[in-house]
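No hydrogens, no waters, no symmetry mates; every other heavy atom, side chains included, goes into these values.
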Amino acid sequence: VDTNRDLLLLPQGVWRQTVSSWHKGMGQTNMDRDDSDKEQYYQSWNIDPFNKWQFGCLNQTNMVKNFGFSDTSKTHIQELDGALFGAGETTVFMITDFDTWAEQTKTVTGEVYDVTTDGEWFYVAHGDQVSAYSKQDPGDQLTLMDTYDAGPGDHTMCVWSKDRLFTTSSNQLYEVTGGTPELVYEHPQDAFRWVDGVEAPDATYFLGGAGDKYEVHRLTVDDEGTLLTPTVAVTLPEGEVGYCIGEYLGFLFIGNALGIRMAIRQDSALTLGALIETNAPVYDFEGQNQFVWYTNSLITASYYQVSNND
């Protein structure tokens with residue numbers, strides 16, 4: 001926002017010295033070009049600029065538990081029934097004591113790929129199975145409730161959506177809610193792999209691809225509740241290898257090897273926004289209040305170092 005001082009001392013076209021709000025966030029490298037946004041800035045760490053005319057700090061974080069997984073492993077977590085459920089590598093865990101952070105664990109066969117929940121059970125896609133767990137009496141025990149098998153291929157994804165449990169086997173998409181796998185769709189490419197799915201207000205969306213070509217499929221039901229054949233809602237630009245898809249307040253978010261794209265639902269299609277580049281692939285999203293958080297496994301050193309030499 002221009003000030004009287006700028007107007008009096010600086011001729012038109014000269015760079016501005018004062019700005020009073022940065023509520024449109026970071027990502028703009030130059031503020032003085034004709035198409036620059038006066039309320040966006042270049043870069044920050046651990047800062048909340050999204051209230052007009054003020055800066056604030058985001059909540060401080062600290063490590064409360066080290067599960068001993070390798071640095072390259074993905075750890076999936078989900079709050080359920082007052083407990084923290086999670087899975088990584090070949091281990092499923094549950095934490096109910098948030099003073100000691102002691103965990104109960106179960107070992108699964110094959111690599112853990114994905115997790116989801118229906119609000120009662122915690123589902124884990126691992127190897128060529130999906131296993132369901134819950135917290136059971138006596139003593140709030142981590143308990144295996146059921147196992148689903150949709151075929152010999154790795155079950156690289158699971159999602160609970162519209163009162164149905166979906167998973168995959170190679171290039172095939174299955175519904176396994178009733179225990180008997182029902183084929184929903186088989187992609188024509190043998191090398192195609194489904195990587196993630198999400199429930200949205202109008203449909204269930206699935207992300208998958210082969211090589212460096214990824215696309216989002218949209219799955220709906222007819223008036224009788226029968227699943228229809230999924231259709232391609234949008235194709236990511238070539239080279240944007242997809243890793244995750246999330247939904248918050250009706251908007252879809254796609255994490256890929258280069259960063260984030262937001263998508264707007266329009267009838268049966270998705271319209272992609274501009275790529276928001278990140279310094280590491282994005283594997284998950286979480287919407288809270290006015291923010292959509294994303295995972296970042298390569299946080300810049302500037303995040304940790306706070307100094308003032310004045």
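- Here H23 and W53 keep their ring centres 6.0 angstrom or further from each other.
- Between H217 and F192, the ring planes lie perpendicular to each other; the angle is over 60°, past the 30° to 60° tilted range.
- For the pair K74 and Y283, the cation-pi test (distance below 6.0 Å, angle within 45°) is passed.
- The six-membered or imidazole ring of F291 lies near that of F50, with a centre-to-centre distance under 6.0 Å.
- A 6.0 Å sphere centred on CD of E277 holds no more than 12 heavy atoms belonging to other residues, nucleotides or ligands.
- The main-chain N or O of S169 is never found under 3.5 Å from a side-chain atom of H155 such that the two would form a donor-acceptor pair.
- Taking each heavy atom of D149 and P181 in turn, the nearest pair found is O-CG, 3.5 Å.
- Remark: R193 engages S170, N171 in a side chain to side chain contact (heavy atoms under 4.5 Å, CB included) (not counting sequence neighbours).
- For the side chain to side chain donor-acceptor pair (under 3.5 Å) test, no residue two or more places apart in sequence or in another chain qualifies with K52.
- Contacts of K162 classified as salt bridge (charged side-chain N to carboxylate O under 4.0 Å, His left out), with partners at least two apart in sequence or in another chain: E199.
- Here the two rings, on W22 and F55, have centers that are under 6.0 Å apart.
- Hydrophobic cluster membership for M63: none, as no Ile, Leu, Val, Met, Phe, Trp or Tyr side chain comes under 4.5 Å of it.
- For an aromatic pair to be called close, the ring centres must be under 6.0 Å apart, and Y174 with Y185 fails this.
- The side chain to side chain contact (heavy atoms under 4.5 Å, CB included) check on L258 picks up E240, N256, L275, with sequence neighbours excluded.
- Here Y42 is tied to no hydrophobic group at all, with no ILVMFWY side chain closer than 4.5 Å.
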